[in-house]
Amino acid sequence: MSQIENTAPADPAPIPFEPLKQTNSVVTEATWVRWLLIAIGVAFLSLFLMLPLLSVFVEALRKGFGPFFDAFSDSDTIAAIKLTLLAAAIAVPLNLVFGLCAAWAITKFEFRGKQLLITLIDLPFSVSPVVAGLIYVLIFGAQGWAQPWFGDHVGKVLFAVPGIVLATIFVTFPFIARELIPLMQEQGTEDEQAALSLGATGWQTFTRVTLPNIKWGLLYGVLLCNARAMGEFGAVSVVSGHIRGLTNTMPLHIEILYNEYEFVAAFAVASLLAMLAMVTLAAKSFLEWRYADQLAASRRH
Amino acid sequence: MDIKIRAVHKHYGSFHALRGIDLDIESGELLALLGPSGSGKTTLLRAIAGLEPLDAGQVLFGDIDATSLTVQDRKVGFVFQQYALFKHMTVFDNVAFGLTVRPKHERPSTSEIAKRVGDLLELVQLGGLEKRYPAQLSGGQKQRVALARALAIEPRVLLLDEPFGALDAKVRKDLRRWLRKLHRETGYTTIFVTHDQEEALELADRVVVMSRGRIEQVGSTDQVYDYPQTPFVFDFLGSPNVLPAVVRDGHVYLDGATAPLDSYSGPLLGPVDLYARPDDFRVVHSDPAGLAGTVVETQRTGVLIRLTITLAAGGHGIEIEIPNPDPEMQVWGAGDTISVRPAHFSVFAVGTPANGTASQAPAATTPGLGTSHTVVESRSRGR
């Protein structure tokens with residue numbers, strides 16, 4: 001902040017005497033404008049992102065490391081962590097396959113109702129997660145139309161792990177497809193046609209040409225999808241039933257702990273969730289940095 | 001391998017992209033599909049490759065009916081306009097791709113593949129670049145990698161879609177000469193698509209001129225250039241002057257001329273359109289068959305001068321090109337009067353649309369309606 005004050009008033013005076021100080025002045029704003037914009041950006045990020053995130057860790061460690069780690073020895077907390085990881089471990093691979101299929105169908109073929117399919121893929125983004133949860137209550141609830149058969153043949157869906165997984169899949173479905181569709185649209189089908197004309201089978205074309213072309217988009221999609229799958233609250237809250245140690249995911253467990261005034265435990269679990277998200281982002285940044293040349297090559301023509 | 005195309009039709013929705021194409025391609029020839037965009041030339045090329053399913057018709061490779069064969073089974077070497085190189089693979093892996101995807105019992109050994117790829121890269125003059133990625137290559141190099149990759153599968157036919165479209169003029173010229181040489185050495189039946197008449201004429205043995213899903217004319221480069229069968233072909237291969245003329249008593253008269261230009265034995269009678277390219281005109285002195293006019297503008301283009309002339313009769317503007325005269329000869333300037341006469345021309349029925357935009361009806365120019373004439377002096381178009 002102090003830098004802004006130092007440079008801003010000093011600049012206007014010398015400009016008339018040194019008009020060529022900035023070589024690309026057409027696209028460069030005056031110094032004080034630049035600093036002001038940067039300051040606004042930094043201030044906004046600090047206020048709305050860094051501060052809340054920091055406060056989570058501060059609250060979690062308020063009573064020192066002992067109580068912080070004690071929070072993770074609680075069996076209900078461990079169960080919640082396991083359930084969250086399980087739900088993500090099922091939902092992400094399934095959405096990977098669904099997303100790939102949807103993106104493939106939309107970008108490589110022409111068919112009737114394509115626009116409708118694109119709109120449908122966006123549905124989970126536009127529908128409130130609570131509504132998404134209620135959908136499954138209406139289907140698999142005590143009065144739901146599918147429950148009589150499912151209850152007899154498959155087992156409990158609502159207020160059990162399957163319901164949580166279903167809700168997670170619903171909410172996180174668009175991430176991978178949305179990431180891939182523009183990418184695959186831009187790449188077109190020429191590479192695939194070239195591979196086929198060289199005698200490759202459909203599967204060889206997919207694994208050796210299509211997949212390497214989209215692997216970065218796919219990775220981002222998976223990372224985003226995973227972050228959301230672990231953090232989903234609304235839809236899961238409706239279908240979970242909040243049974244401790246059985247159907248509580250991490251976000252739900254945090255809410256319960258908080259409502260019971262166990263602030264340290266609540267923030268400790270919250271900090272773990274935040275850490276998972278940050279690890280995801282760090283992994284993405286690391287890969288971007290490590291494979292910068294490949295990334296550049298695949299984006300270039 | 002010789003290729004026969006029989007009554008091929010293709011629609012894209014309501015757009016009739018190929019309207020009954022019949023074409024015989026001889027084994028080992030270098031054939032150009034020439035036409036403006038939307039003429040169906042690329043569609044035809046893709047149809048031969050099996051990349052576009054046909055609505056009707058047949059494609060025969062030698063004695064094999066390839067119509068129902070898949071892209072993979074047709075074994076064609078297709079070079080895409082944007083090359084479609086696999087960006088994540090090295091030059092070596094790109095060229096080797098067609099060999100490494102073969103089923104195990106047909107796949108050559110690793111060392112054999114390495115040798116084959118090495119030979120091909122030598123052939124396309126890219127030895128030493130095996131480990132580069134496509135992003136590290138220039139346009140011309142990418143083009144040659146794409147060609148080597150297509151040749152690796154020992155294709156029945158080599159198909160090139162606008163092979164030089166994305167290159168700058170100098171590289172294009174070099175590559176053209178090189179491709180011609182490569183064709184001579186390898187002898188593959190080669191078909192390429194282009195919208196550049198110069199490219200087609202310089203590179204090909206035979207040229208297929210296409211317009212709006214139909215073949216307008218097939219012939220050697222000399223035939224299509226010197227004896228265009230339709231106004232479209234004439235228009236596409238050069239920018240001709242169209243002059244009103246009349247046929248009577250077995251002779252062609254230019255409007256405003258008092259003597260016949262040439263005798264005529266074709267089916268046309270009465271008013272006709274006379275097509276002549278700028279370099280078909282000769283400056284004449286007091287020739288009753290020629291046309292008098294006024295020079296409007298002169299412009300030097302290398303070894304030629306281009307004169308823009310307004311004709312005295314009818315006020316038509318024409319452009320002619322004549323060799324730059326040596327200093328002792330008369331040099332024309334704006335305002336000078338001049339008399340010119342076409343040495344080589346074709347006549348077509350009046351109003352035959354040259355590009356089809358004039359009427360919605362397909363350009364139904366009857367073959368043989370236009371006739372080509374060389375008069376005054378017998379000359380071959382030395383190219």
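All values below were derived from every heavy atom in this structure, side-chain atoms included, with hydrogens, water molecules and symmetry-related copies excluded. Protein chains get the first letters and strands the later ones, always in sequence-line order, with residue 1 at the start of each.
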Could you tell me which of [options] has the largest number of non-hydrogen atom pairs under 4.5 Å with chain A?
options	answer
R46(B), R74(B), M89(B)	R46(B)
A49(B), A146(B), A84(B), G50(B)	A84(B)
L159(B), T70(B), L99(B), L51(B)	L51(B)

Contacting region of [X] [heavy-atom separation from chain A under 4.5 Å]:
X	result
R149(B)	both
A152(B)	neither
L85(B)	backbone

When you look at [atom1] of [X], are more than 12 heavy atoms from neighbouring residues, nucleotides or ligands closer to it than 6.0 Å?
X	atom1	answer
K82(A)	NZ	no
M278(A)	CE	yes
F109(A)	CZ	yes
K173(B)	NZ	no

F97(B) vs V209(A) side-chain heavy atoms within contact, under 4.5 Å: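 Heavy-atom side-chain distance check passes, below 4.5 Å.
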Sub-4.5 Å side-chain heavy-atom contact between D191(A) and K87(B):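 With C-beta onward as the side chain, the pair touches.
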Shortest non-hydrogen contact between F78(B) and S197(A), atoms and distance: CB-OG, 4.1 Å
Distance-minimising heavy-atom pair for I153(B) and L198(A): CG2-O, 3.8 Å
Qualifying residues under side chain to side chain donor-acceptor pair (under 3.5 Å), relative to K115(B), sequence neighbours excluded: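 Side chain to side chain donor-acceptor pair (under 3.5 Å) list for K115(B), sorted by chain: D119(B).
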Side chain to side chain donor-acceptor pair (under 3.5 Å) against S109(B), all qualifying residues, sequence neighbours excluded: S111(B)
T100(B)-R208(A) side chain donor-acceptor pair, cut-off 3.5 Å: yes
Q72(B) side-chain N/O to L196(A) backbone N/O, donor-acceptor pair under 3.5 Å: no
Spacing of Y12(B) atom OH and E110(A) atom CD [to the nearest 0.5 Å]: 12.0 Å
